[in-house]
Protein chains: 2
Amino acid sequence: MNKETNAPVCKIEIVDETKVEEAKKELENTQQILEIAEIFKLLGEPTRLKIIISLINSELCVCDLAAAIDSTVSSVSHQLRLLRNARLVKYRKEGKMVFYSIEDEHINKLVEQAKEHIEE
Amino acid sequence: MNKETNAPVCKIEIVDETKVEEAKKELENTQQILEIAEIFKLLGEPTRLKIIISLINSELCVCDLAAAIDSTVSSVSHQLRLLRNARLVKYRKEGKMVFYSIEDEHINKLVEQAKEHIEE
DNA sequence: ATAACATTTGAACAAATGTTCAAGTGTTTT
DNA sequence: AAAACACTTGAACATTTGTTCAAATGTTAT
């Protein structure tokens with residue numbers, strides 16, 4: 001093995017130009033892809049996913065949410081902020097309490113779809 | 001503001017016992033939830049999501065994949081390993097080349113669903 | 001007003017993670 | 001056999017991120 005002349009790591013040569021162009025076309029809308037990634041990322045963390053799943057049935061206050069997923073109020077609140085900012089959940093204030101719920105049903109469908117993938 | 005007697009942070013009191021129990025029931029299958037989170041997490045990173053989107057149309061070798069998403073072969077290879085381990089992609093060897101493709105169509109549907117959420 | 005309460009927030013910290021670089025594999029070509 | 005090639009892998013590094021703790025906010029009850 002010659003160590004000097006090793007590994008050009010292709011990069012110059014493209015094997016199938018057509019397919020690469022096709023793929024690039026799909027990736028054109030960078031902003032959209034980053035937004036999609038952001039949603040998946042938010043759902044891809046156990047604490048947040050548990051929050052979302054808990055909210056699928058009914059709205060819950062922060063306290064109950066923490067109880068349901070067996071976490072602390074502070075931790076839940078921090079994560080809720082991220083979910084709120086990304087508009088995955090919405091909230092409703094009632095006195096000193098805040099009730100959270102799922103923003104729209106696409107979220108439920110995403111979770112269902114992922115579940116199907118697991119259960120195949 | 002009395003600083004000593006501040007913030008009991010509920011935790012003892014549950015506001016709506018029934019709803020909390022309902023939510024807990026949904027969270028019973030911890031293993032399943034962690035697996036779902038794992039899938040979302042994998043899709044929630046731009047490099048990996050781009051790889052997946054690139055593969056939706058057709059299989060691609062590592063070199064072309066790197067060219068398509070404008071990344072390095074090494075980086076792509078590292079991420080492909082994670083996607084492989086989680087069975088989100090499969091591969092096929094042909095000589096010194098390796099062609100990757102989507103493992104099953106649930107993945108495409110997940111991406112589509114997320115796209116719909118964005119475009120609402 | 002004061003106290004109690006539900007929630008939010010900021011700072012600090014450890015843990016997880018993506019990229020890079022260099023080297024290693026295994027296959028094909030010369 | 002040696003070189004070229006496509007890909008994989010390990011270590012190192014900077015960055016990101018989730019949790020905790022303490023304190024702050026704003027509302028309701030006393």
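Just so we're on the same page: letters track the sequence lines, and every chain starts at 1.
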task = Considering non-hydrogen atoms only, spot the tightest contact between A:Leu110 and B:Ala114 and give its length.
result = CD2-N, 3.9 Å
query = For A:Leu60 and C:dA6, what is the distance between atoms CG and P respectively, to the nearest whole Å?
reply = 15 Å
remark   = A:Ile51 atom CD1 is separated from C:dT8 atom P, nearest whole Å, by 11 Å
ask   = CG of A:Asp70 versus P of D:dG18: gap in Å, rounded?
value = 18 Å
query = If you look at every heavy atom in A:Leu43 and A:Leu49, which pair is closest and at what distance?
reply = O-CB, 3.5 Å
inquiry  = Checking B:Tyr100 against B:Arg92: is there a side-chain donor and acceptor pair closer than 3.5 Å?
reply    = no
ask   = Of all of residues 85-100 of chain A, which get a heavy atom below 4.0 angstrom from DNA chain D, listed by number?
value = A:Gly95, A:Lys96
Interatomic distance, A:Asp16 CG vs D:dA6 P [rounded to whole Å] = 14 Å
ask   = If only atom types and distance count, is the side chain of B:Arg81 paired as donor or acceptor with the main-chain N or O of B:Val76 below 3.5 Å?
value = no
ask   = A:His106 and B:Glu116: which non-hydrogen atoms are nearest, and at how many Å?
value = CE1-OE1, 3.5 Å
Contacts under 3.5 Å, N or O only, protein and nucleotides 10-12 of chain D:
| residue | atom | partner | partner atom | Å |
| --- | --- | --- | --- | --- |
| D:dG10 | O6 | B:His78 | NE2 | 2.8 |

task = Could you tell me whether the side chain of A:Ser54 and the main chain of A:Lys50 form a donor-acceptor pair under 3.5 Å?
result = yes
query = Between the side chain of A:Arg48 and the main-chain N/O of A:Lys41, is any donor-acceptor distance below 3.5 Å?
reply = yes
message = If the threshold is 4.0 Å, N to carboxylate O, is there a salt bridge linking A:Glu28 and A:Lys25?
response = no
remark   = Closest non-hydrogen atoms of B:Lys24 and A:Ala67, given as atom of the first, atom of the second and distance, are CE-O, 3.4 Å
Quick test: give all pairs of protein nitrogen or oxygen and nucleotides 16-18 of chain C nitrogen or oxygen below 3.5 Å, distance rounded to 0.1 Å.
| residue | atom | partner | partner atom | Å |
| --- | --- | --- | --- | --- |
| C:dT17 | OP1 | B:Lys41 | NZ | 2.1 |
| C:dG18 | OP1 | B:Arg48 | NH1 | 3.0 |
| C:dG18 | OP1 | B:Arg48 | NH2 | 2.8 |
| C:dG18 | OP2 | B:Arg48 | NH1 | 3.2 |

query = Would you say the side-chain atoms of A:Asp64 pair up with the backbone N or O of B:Asp16, donor to acceptor, closer than 3.5 Å?
reply = yes
query = To the nearest Å, how far apart are A:Ile69 CD1 and D:dT19 C1'?
reply = 12 Å
message = Can you confirm whether the side chains of A:Glu45 and A:Gln79 place a donor and an acceptor under 3.5 Å from each other?
response = no
